Amino acid sequence: MERSEINRRTFLSAAGVGAATLAGMPTLLEAADWSAAEKSNVAAVTGMCRAWVAPLDLEKIGSFLTEDCVYRPLETAAPIKGRQAIVEALKKMLGSTSKAEFKVVQTFARGPIVFNERFDSLAMPQRNINWHGVGVFMVRDGKIAEWSDFTIRDEK
């Protein structure tokens, strides 16, 4: 029996040292401060999201995109390539939208990639859209070069 007590003591001591070591280490859950470039990238994406107000100025929204931008409006949609094609597709999809808002609730940035969680609300003559999802953006030279939206489905 004495041997099992020693093993238990050894185990508990080692576990305590391990826990203390882990407590002093940074975790993956802690986000690092953004670099100047990351702050600039976030500003470009945030600016574009703030431009979504009615009446929609799709040319203004398009001004945040590179000429060769690629946009995927949903994870199941084919990509739209080129700023002018994106603006034209948005005009066709959105028509005369009377209410528009992108409410950004969370943003993460790493290098040229910006990720935001949003609630989008659009009121159109034919239907209303209330969407919860994430946008993943790649920013190049201060403009959005790639933009993909992914729907978050509440699984309750």
Side-chain angles (χ1 to χ4, degrees), residues 15 18-156:
T21 301
L22 287 174
M25 295 175 62
T27 66
L28 293 176
L29 297 177
E30 294 176 10
D33 290 337
W34 292 336
S35 68
E38 289 165 339
K39 288 177 185 176
S40 176
N41 294 338
V42 168
V45 171
T46 300
M48 189 276 299
C49 290
R50 286 185 179 151
W52 284 82
V53 293
L56 282 177
D57 182 348
L58 294 173
E59 296 299 328
K60 179 178 180 181
I61 292 168
S63 73
F64 289 94
L65 311 176
T66 62
E67 284 292 330
D68 62 344
C69 183
V70 176
Y71 171 51
R72 185 183 302 268
L74 289 172
E75 60 272 11
T76 57
I80 304 166
K81 298 177 182 180
R83 175 172 50 206
Q84 198 54 46
I86 293 166
V87 169
E88 292 304 318
L90 289 173
K91 284 179 184 176
K92 187 175 179 181
M93 284 189 293
L94 301 174
S96 57
T97 299
S98 60
K99 177 188 175 229
E101 178 185 26
F102 278 17
K103 182 180 175 192
V104 177
V105 294
Q106 189 170 202
T107 301
F108 175 80
R110 184 62 68 225
I113 306 299
V114 177
F115 166 96
N116 70 16
E117 178 184 4
R118 301 189 319 266
F119 288 92
D120 297 356
S121 179
L122 302 164
M124 300 174 282
Q126 66 277 25
R127 67 184 174 139
N128 292 334
I129 297 174
N130 291 300
W131 179 82
H132 179 208
V134 295
V136 179
F137 304 85
M138 165 125 111
V139 181
R140 182 177 67 225
D141 298 327
K143 294 200 181 256
I144 298 166
E146 293 183 32
W147 169 16
S148 294
D149 281 335
F150 299 88
T151 302
I152 295 175
R153 302 201 194 300
D154 293 325
E155 314 248 346
K156 293 182 180 180

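Worth knowing before you read on, the calculation uses all heavy atoms, side chains too, and leaves out hydrogens, waters and symmetry mates. Residues: numbered from 1 along the sequence shown. Given the structure is predicted, the values throughout are model-derived calculations rather than measurements.
When side chains are defined from C-beta on, I113 counts as touching V136, because their heavy atoms get closer than 4.5 Å. A 4.5 Å side-chain heavy-atom check between E101 and V53 finds every atom pair outside the cut-off.
Remark: A109 engages W34, E38, V42, V114 in a side-chain contact (heavy atoms from CB on, under 4.5 Å) (not counting sequence neighbours). Partners of A123 under the side-chain contact (heavy atoms from CB on, under 4.5 Å) rule, at least two apart in sequence or in another chain, are S98, K99, N128. Partners of E75 according to the salt bridge (charged side-chain N to carboxylate O under 4.0 Å, His left out) rule, which considers only residues two or more places apart in sequence or in another chain, are R153. Take N130 and apply the side chain to side chain donor-acceptor pair (under 3.5 Å) test, not counting sequence neighbours, and it matches S121. When the side-chain contact (heavy atoms from CB on, under 4.5 Å) test is applied to T66, the partners found at least two apart in sequence or on another chain are D68, C69, R140, K143, A145. Residues satisfying the ring-ring contact (aromatic ring centres under 6.0 Å, His included) test with F102, not counting sequence neighbours, are W52. By the salt bridge (charged side-chain N to carboxylate O under 4.0 Å, His left out) test, E88 is found to be paired with K91, residues two or more places apart in sequence or in another chain being considered. In this structure F115 satisfies the ring-ring contact (aromatic ring centres under 6.0 Å, His included) test with no other residue, sequence neighbours excluded.
In this structure, the side chain of S63 engages the main chain of K60 through a donor-acceptor pair within 3.5 Å.
Nearest heavy-atom pair across V87 and G62 is CG2-CA, 3.9 Å. Counting all heavy atoms, side chain and backbone alike, N116 lies closest to C49 at ND2-SG, 3.5 Å. Contact detail for T97 and A100: the closest heavy-atom pair is CG2-CB, 4.2 Å. Here the closest non-hydrogen pair linking P79 and V70 is CB-CG1, 3.7 Å. Taking all atoms of both residues into account, the shortest heavy-atom contact from V134 to I152 is CG1-CD1, 3.8 Å. Minimum interatomic distance between N41 and G111 (heavy atoms only, all atoms of both residues): ND2-O, 3.0 Å.
A distance of 7.0 Å separates CZ in F119 from NZ in K103, rounded to the nearest 0.5 Å. How far CG of L94 is from CG of L58: 6.0 Å, rounded to the nearest 0.5 Å.
Screening residues 115-139 for salt bridge (Lys or Arg N to Asp or Glu O under 4.0 Å), with sequence neighbours left out, gives R118-D120, R118-D149. For the salt bridge (Lys or Arg N to Asp or Glu O under 4.0 Å) condition, no pair includes a residue of residues 45-54, sequence neighbours left out.
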